[in-house]
Participant: 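My structure is below; once you've seen it, I'll send some questions.
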Protein chains: 2
Amino acid sequence: MVRLKDIAARAGLTVMTVSRALRGTSEVSAATRERIRALAAEMGYVPDISARGLRTRNTGLLGVVIPTVIDPIHARMLLALEEQARAGDFDLLLAHTLQQPEIEEACIRRLLGRRIEGLFLLPVYRLAPEAPIYRELRQRGTKVVLVGHPAPFCQDFPSVAVEDLLASAAVTRHLLALGHRRIAFLAGSPTSPAARERLEGYRRALREAGMVADDRLVFNAGTEIEDGAHAALRMIDEGVRPTAIQAVNDLVAIGAANVLLSQGLRIPADISIAGFGNILTSEYFRVPLTTVRQPKYRLGLAAMELMQALLRGEKGESRRLPAELAIRESTAPPPALPPVGGGEAGSAAHS
Amino acid sequence: MVRLKDIAARAGLTVMTVSRALRGTSEVSAATRERIRALAAEMGYVPDISARGLRTRNTGLLGVVIPTVIDPIHARMLLALEEQARAGDFDLLLAHTLQQPEIEEACIRRLLGRRIEGLFLLPVYRLAPEAPIYRELRQRGTKVVLVGHPAPFCQDFPSVAVEDLLASAAVTRHLLALGHRRIAFLAGSPTSPAARERLEGYRRALREAGMVADDRLVFNAGTEIEDGAHAALRMIDEGVRPTAIQAVNDLVAIGAANVLLSQGLRIPADISIAGFGNILTSEYFRVPLTTVRQPKYRLGLAAMELMQALLRGEKGESRRLPAELAIRESTAPPPALPPVGGGEAGSAAHS
DNA sequence: TTGTAAGCGTTATCAG
DNA sequence: CTGATAACGCTTACAA
């Protein structure tokens, strides 16, 4: 490894002069500056950022803690983040939590040892109102940008999140506008604020339309394709026959759609399906879905902007990004006017 | 930030004693060790890894340079890598190249400044036999594990890659065994060794079956869904009517499949489709595809093993990982025995 | 078992 | 414009 010292020796100058010449800072005669620069290039000098950081107290490191990079939404967000980081002359340390609190804690602790200047945190959501590592981050005054919805245990960090509630309500309103009156909802995990917001958006839209949100139309699914399939089967078992289904995400929607198609139902002729878009653009799935396009890349940009503000010592304001409804041929008016009222679960209508 | 010095002051001891106590190294009285430990915990001490590294000359950092983390294959590989890295007490610096040589060079240079101990490199493939930054890596003796196929400009680095040629040949043999004699190939970018291997595997299998690989059945596609669609349209335009299609990857296959389905063809009744699996398990696409399952996670593991060997100062042996053919209902015997011989492009039969 | 001195590669600071 | 000195937080090497 070539060090400043080595260049200084070759140049017959002090380390300091070389350092200054290379940084272009301070006044150094143009002549020597060029000479040093050439020499450094020739010798393949690469400054040691850690050593510099030791002295200047800035490491130029940002941490990203993410459930898993396999999630396409998160991956796109990460891409944006990394591009922005490089532009701002930061390097990115990546760590996965696999949605496990212990791993999350270990990750964060390691990153703290790296003296990261800021942390992008996609939290592992828990119901508990407190989490020790989050408390520690607060005490340390670590600059944290939460990428996701705030929850009790992480409330006081500035955050960037999608307007899930509004977007979900828009989906429901879209279905209502088409004439659907019996809309089932395949819900996600109750520990996930995003999933909860989506359920709440559905309920709010129903209420605003003067209807009663019937819980017999809400099925606990999860986040995976299988979860959607199981939920759809349960729905059929229970004799519930909605004219439309709204799912907490694309995967769940696809799982449900596959089940329905295998039952001989046609989409959207017999039943409409809508939900949030998590994978690809879902246009490439041959299951017709009307989806909410999530602003993945913009989420990354917004997160970085917030971080920049924090790094400048500002307060940093949380932001909610709108999501856009991508209406496709997957949703259509209900096949026939559903019976109004009706007592049994299957025909339980909002009204 | 709490430093060793601070703990030492509070404990009435030297920095050295504290350092030793915390590391558990050397002989320190069990009593003081516990006392120091407790004190450190209470004060929230986190050792500064960079400072330590400055002294010990190991940074505990590994770099990953990747086209984009959006690619599901790469994302899974990255996940494995990160998990392994953490297990080995390394942190991971992530950088994207976006497939652009200049960005790649900039990334690598930055990582060198971080004094990474090793670099996982998913190269930006170019046809040129030399690339300056690769030469520099060689000269520096940086420990590099190539994740991908070797190419002239990066030949001398140890690598981990999938047995694309063999896997591709297996696909073709599978189609041949079903009785297909007119198999089209939708090829990828010629700069990508993996794509080239896949084309070569197809050709080899045909030759081994005593057939002539007819280039009129090979269409340049690319890597995206749209590329597959365009290639399929071109194929149809040129009047080529294969009984089976083999694609360089899943996306291309899906693009082609969508076009064929929209033309009223049924899969696999009228035409069979097979290729490499890049997205999800493609089981969830309602386009029937027989695919090659790529050992994404094992690729990550193997890369890390290779890196460990390099770090131990060993030579490090390149490895090729086999890929498994996932046969599904997407491939079936050809609808009718194709005409043997035949002069025009459309019916151009092998042998 | 504990302490002292020195140094890792860089830059802040003050002096010339 | 350039140099000398000290320091960032930690650990190695040697001394007590």
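This structure is a prediction, so every number in the text was calculated from the model and none was measured.
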Participant: For C:dG9, take OP1 and OP2 only and decide whether either is under 4.0 Å from a side-chain N or O of B:Arg57.
Facilitator: yes

Participant: Would you say A:Thr14 places a side-chain N or O within less than 4.0 Å of OP1 or OP2 belonging to D:dT2?
Facilitator: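 It does not, given that no N or O in the side chain of A:Thr14 lies less than 4.0 Å from OP1 or OP2 of D:dT2.
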
Participant: Under 3.5 Å, is there any donor-acceptor pair linking the side chain of A:Arg20 to the base of D:dG3?
Facilitator: yes

Participant: Round to a whole Å and report the spacing from CD of B:Glu34 to C1' of C:dT1.
Facilitator: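 In whole Å, C:dT1 C1' and B:Glu34 CD are 16 Å from each other.
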
Participant: Roughly how far, to the nearest 0.5 Å, is CD1 of B:Ile7 from CG of B:Leu13?
Facilitator: 11.0 Å

Participant: Within 45 degrees of the ring normal and closer than 6.0 Å to the centroid, is that where the cationic atom of A:Arg3 sits relative to A:Tyr45?
Facilitator: no

Participant: Answer yes or no: are there more than 12 heavy-atom neighbours, outside A:Glu102 itself, under 6.0 Å from its atom CD?
Facilitator: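 Yes.
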
Participant: Between C:dT1, D:dG9, D:dT11, spot the one nearest the side chain of B:Ser29, thanks.
Facilitator: C:dT1

Participant: For the pair made of CG in B:Asp6 and C1' in D:dG9, what is the distance, rounded to whole Å?
Facilitator: 10 Å

Participant: From the options C:dT11, D:dC10, D:dT12, select the nucleotide whose nearest atom is closest to the side chain of B:Arg3.
Facilitator: D:dC10

Participant: Would you kindly give the CG-to-P distance between B:Leu13 and D:dT11, to the nearest whole Å?
Facilitator: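 Roughly 16 Å, once rounded to whole Å.
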
Participant: Counting heavy atoms from C-beta on, name the nucleotide in D:dC10, C:dG3, C:dG9 closest to the side chain of A:Arg55.
Facilitator: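 For the A:Arg55 side chain, the nearest candidate turns out to be C:dG9.
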
Participant: Can you tell me if CZ on B:Arg126 sees more than 12 non-hydrogen neighbours from other groups inside 6.0 Å?
Facilitator: yes

Participant: For A:Leu111, which of A:Val65, A:Leu121, A:Val64 qualifies under side chain to side chain contact (heavy atoms under 4.5 Å, CB included)?
Facilitator: A:Val65

Participant: I want to confirm an ordering. Mapping B:Ala51 and B:Arg23 to their closest nucleotides on DNA chain D, which one lands closer to the 5' end?
Facilitator: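 Between the two, 5'-proximity favours B:Ala51.
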
Participant: In whole angstrom, give the distance that lies between atom CE of B:Met16 and atom C1' of D:dA16.
Facilitator: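 Computing the B:Met16:CE to D:dA16:C1' distance gives 15 Å.
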
Participant: Starting from C1' on D:dT11, measure out to CD1 on B:Ile49 and report it in whole angstrom.
Facilitator: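 In whole Å, D:dT11 C1' lies 15 Å from B:Ile49 CD1.
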
Participant: Tell me whether the side-chain N/O atoms of B:Ser19 come closer than 4.0 Å to OP1 or OP2 in D:dT11.
Facilitator: yes

Participant: Phosphate oxygens OP1/OP2 of C:dT11: is one of them under 4.0 Å from a side-chain N or O of A:Thr56?
Facilitator: no

Participant: Starting from C1' on D:dG9, measure out to CZ on A:Arg52 and report it in whole angstrom.
Facilitator: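 About 18 Å, once rounded to whole Å.
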
Participant: Need to verify one output field. Residue with the more 5' nearest nucleotide on DNA chain C, B:Gly12 or B:Arg115?
Facilitator: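 Checking each residue's closest nucleotide, the 5'-ward one belongs to B:Gly12.
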
Participant: With sugar-phosphate meaning primed atoms plus P, OP1 and OP2, does A:Thr32 contact a base, only sugar-phosphate, or nothing at under 4.0 Å between heavy atoms?
Facilitator: sugar-phosphate

Participant: How close or far is atom P of D:dT11 from atom CG of A:Leu54, stated in whole angstroms?
Facilitator: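 The distance from CG of A:Leu54 to P of D:dT11 comes to 12 Å, rounded to the nearest Å.
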
Participant: C:dT11 P sits how many Å from A:Lys5 NZ, rounded?
Facilitator: 15 Å

